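Everything quoted here is computed from the prediction, not taken from an experiment. If you read the sequence from its start, that first residue is 1, and numbering goes on from there.
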Amino acid sequence: MTHSAHTRSMTAFMLVRRRGTRVGIAALALSVLGACNSDQVLKVATPDVLSVDAYSTPDGADPLRYGVISDFARAYDGNSDGFTVITGTLADEIFAPDTFDDRLSINARRSLEINSVMESEYRHLQQTHLGAVNAAVVLAAVAPTKKSQRSEMYVIRGFTEIFFAEGWCSGTAFSSESGGDITYGMPNSTSQLFQLAVASFDTALTLADTSNTMKYASQLGRGRALLALGQYADAAAAVAGVPRSFQYLTYHSTSSGREENGMWNAVANGATRYAIINNEGQNGLPYLTQGTDPRVPWVPSTRTGFNSTTPNLPTETKFGRTSAGIVADGTEAQLIIIEARLQGGTQADRDAVFTSLNALRTSNTPAIPAMTGSAPTTQAAAVTQLFTERAYWTWLTGHRLGDMRRLVRNYGRDAETVYPTGTLQAPLVGSFGTSTSIVIPFSERSNPNFKGCLDNKA
């Protein structure tokens with residue numbers, strides 16, 4: 001595909017698509033049926049596309065909201081190249097026994113503007129974000145009493161803003177449309193994206209019922225964004241009171257490929273294009289040598305990768321074909337509180353963190369044996385221990401890349417001591433590159449405000 005085929009920005013593309021435009025289909029019909037009555041062609045109903053008038057009613061608002069929820073599940077973990085998969089591939093959770101360079105380059109830390117896999121996921125997240133923004137406006141106008149439903153739209157909006165901040169280089173822009181005119185958005189720095197997310201979750205909290213799922217989801221999203229901003233005490237306060245048992249989930253089915261659990265499809269279903277990995281690139285964690293650790297469940301297999309040359313792929317058993325995806329949970333809330341305590345920097349703080357991490361293990365169902373010995377005696381070692389525990393608790397849930405970037409950005413770690421480095425594992429050849437994030441796709445350059453990544457740093 002040539003560069004000219006990518007000339008419409010992703011935000012502009014989604015704005016046009018949301019209006020239900022079928023210009024290409026209508027033009028094709030007219031060219032094929034040239035001698036026919038064009039009025040008949042143009043009057044064909046399109047029942048699968050809601051017009052603006054159709055969804056701007058109390059009855060129409062719910063289908064609009066359901067569409068946003070579905071789009072969020074697809075973008076997060078509902079297809080084999082969803083957010084959880086591609087960020088895990090750039091991180092140290094997943095590698096690509098594939099033949100497509102667009103996937104292999106992600107694995108090799110060689111992020112490029114022209115990459116169909118990355119562009120597709122960027123588009124899906126933009127569609128989700130735009131849908132949540134629009135649905136919240138419609139709900140406020142036609143169903144103002146449906147506060148929890150409006151809250152959910154702001155929760156989804158906030159998490160997509162976090163995903164752009166954690167996954168992509170600095171510079172994501174959000175555009176808007178009114179009366180057919182597109183207003184192109186300005187690029188946002190990584191910090192600005194997290195700040196936008198905090199604002200989205202703040203609004204979600206004002207709308208959420210005190211007993212509603214959205215309250216805890218809002219707290220967790222807010223805490224995650226504040227943690228990324230280095231506002232540790234505020235992050236801990238944000239998640240206070242979230243039950244350990246709480247989970248904010250995406251839901252999946254066998255109704256269509258996009259509705260399956262994308263992690264299962266990517267790394268466990270037959271000759272997969274991705275696979276879970278152990279000790280990737282020197283710095284990768286030993287996920288698969290943890291014995292019977294229930295946080296990292298997997299079994300050996302005789303499966304061969306899509307490239308037909310990588311045998312005996314290990315199979316994750318955390319997610320099945322219709323398993324719910326885990327966006328956030330109560331354990332993450334506790335990890336945020338623990339990380340805030342670590343900022344004290346004293347041995348008493350490190351002792352408390354060590355005790356709290358072991359309490360999370362032993363109070364789990366099933367219980368996990370406590371770490372032996374005593375707390376680390378240096379701050380650097382304590383940070384490493386905490387982030388290792390976070391990696392096991394959040395394995396394959398789209399958290400790892402954000403944590404690795406945070407280790408570089410907030411804790412001053414050298415990227416080459418955090419990310420996979422050195423010689424690539426077969427079928428890849430050569431050495432790892434230096435990318436620490438995904439590059440915003442070339443198609444966004446048609447936004448006149450966007451000139452490329454603001455920076456490629458963590």
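In this structure, the side chain of R303 engages the main chain of G270 through a donor-acceptor pair within 3.5 Å. The backbone N or O of M371 lies less than 3.5 Å from a partner atom in the side chain of N358, making a donor-acceptor pair. Judged by distance alone, with hydrogens and angles left aside, the side-chain atoms of S105 form a donor-acceptor pair with the main-chain N or O of D101 at under 3.5 Å. Of the possible donor and acceptor atoms, one in the side chain of S170 sits under 3.5 Å from a partner among the backbone N and O of T190. Proximity of a side-chain donor or acceptor of S175 to a complementary backbone N or O of G185 within less than 3.5 Å is detected. Put simply, the side chain of R405 gets close to the backbone of A165: a donor and an acceptor are under 3.5 Å apart. Counting only distance, with no hydrogens or angles, the side chain of R109 and the backbone of T436 share no donor-acceptor pair below 3.5 Å. Of the possible donor and acceptor atoms, one in the side chain of N283 sits under 3.5 Å from a partner among the backbone N and O of E416. A side-chain donor-acceptor contact under 3.5 Å links S301 to the backbone of L313. Side chain of N307 to main chain of T99: no donor-acceptor pair is present (N/O by atom type, distance under 3.5 Å, no hydrogens or angles).
Between Y392 and Y287, the angle of the ring planes goes over 60°, which puts this pair in the perpendicular group of the 30/60° scheme.
Within the model, atoms CG of N79 and OG of S120 stand 6.5 Å from one another, a figure rounded to the nearest 0.5 Å. Rounded to the nearest 0.5 Å, atoms CG (L196) and CD1 (I162) are 11.0 Å apart. The OH atom of Y419 sits 10.5 Å away from the OG1 atom of T417 when rounded to the nearest 0.5 Å. How far CG of L285 is from CD1 of I277: 12.0 Å, rounded to the nearest 0.5 Å. Distance check, rounded to the nearest 0.5 Å: CD of E444 to CZ of R123 gives 12.0 Å. Going from atom OG1 of T250 over to atom CD1 of I326 covers 9.0 Å, rounded to the nearest 0.5 Å.
No side-chain heavy atom of Q282 sits less than 4.5 Å from a side-chain heavy atom of T423. In this structure, N188 and E161 have side chains that are not in contact, with every pair of non-hydrogen atoms separated by 4.5 Å or more. Side-chain contact between Q219 and F201 is absent, with no heavy atoms from C-beta onward closer than 4.5 Å. By the 4.5 Å heavy-atom criterion applied to side chains, N265 and R321 are not counted as neighbours. For the pair T362 and I368, the minimum side-chain heavy-atom distance is 4.5 Å or more. In this structure the side chain of R413 reaches within 4.5 angstrom of the side chain of T384, judged on heavy atoms. When side chains are defined from C-beta on, W168 does not count as touching V439, because their heavy atoms never get closer than 4.5 Å. When side chains are defined from C-beta on, L229 counts as touching S191, because their heavy atoms get closer than 4.5 Å.
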### Verdict with reasoning, R224 to H399, per side chain to side chain contact (heavy atoms under 4.5 Å, CB included)
CA-CA 10 Å; R224 182 168 171 176; H399 287 71; 3.1 Å; yes

### Query
Do L125 and F72 pass the side chain to side chain contact (heavy atoms under 4.5 Å, CB included) test, and can you show the C-alpha distance, the side-chain angles, and the key distance before you say yes or no?
CA-CA 7 Å; L125 280 175; F72 179 69; 5.8 Å; no

### Message
Apply side chain to side chain contact (heavy atoms under 4.5 Å, CB included) to residues E339 and V383 and explain how you reach the verdict.
### Response
CA-CA 8 Å; E339 186 169 347; V383 169; over 6 Å; no

#### Entry: Residues D414, V408; criterion side chain to side chain contact (heavy atoms under 4.5 Å, CB included); working and verdict
CA-CA 6 Å; D414 187 291; V408 175; over 6 Å; no

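Of the N and O atoms on the side chains of S116 and D102, at least one donor lies less than 3.5 Å from an acceptor on the other residue. The closest side-chain donor-acceptor pair between S148 and D209, if any, does not fall under 3.5 angstrom. Judged by distance alone, the side chains of Q379 and R350 do bring a donor and an acceptor atom under 3.5 Å apart. A donor-acceptor contact closer than 3.5 angstrom is absent between the side chains of E119 and N115. Of the N and O atoms on the side chains of S70 and R258, at least one donor lies less than 3.5 Å from an acceptor on the other residue. In this model, a donor atom of one side chain and an acceptor atom of the other lie less than 3.5 Å apart for E280 and N107.
Taking all atoms of both residues into account, the shortest heavy-atom contact from I94 to Y274 is CG2-CB, 3.6 Å. The two residues E316 and W395 have their closest heavy-atom pair at CB-CH2, 3.8 Å.
Annotation: ring-ring contact (aromatic ring centres under 6.0 Å, His included) contacts of H129 (sequence neighbours excluded): F174.
In this structure, R406 does not pair ionically with E166, as no charged nitrogen and carboxylate oxygen lie closer than 4.0 Å. Taking 4.0 Å as the cut-off between side-chain N and carboxylate O, K146 and D62 count as a salt-bridged pair. Note on E389 versus R295: salt bridge recorded, some NZ/NE/NH1/NH2 to OD/OE distance being below 4.0 Å.
Exactly one of E121, Q127, E259, E260 qualifies for a side chain to side chain donor-acceptor pair (under 3.5 Å) with R74. That residue is Q127. Applying the side chain to side chain donor-acceptor pair (under 3.5 Å) test between R400 and each of T84, T87, D92, T394 identifies D92 as the sole match.
Other residues, nucleotides and ligands contribute only 12 or fewer heavy atoms inside 6.0 Å of the NZ atom of K147.
In this structure, F159 has its ring center at least 6.0 angstrom away from the ring center of Y76.
Because its NZ or CZ atom is both nearer than 6.0 Å to the ring centre of F306 and within 45° of the ring axis, R273 counts as a cation-pi partner of that residue.
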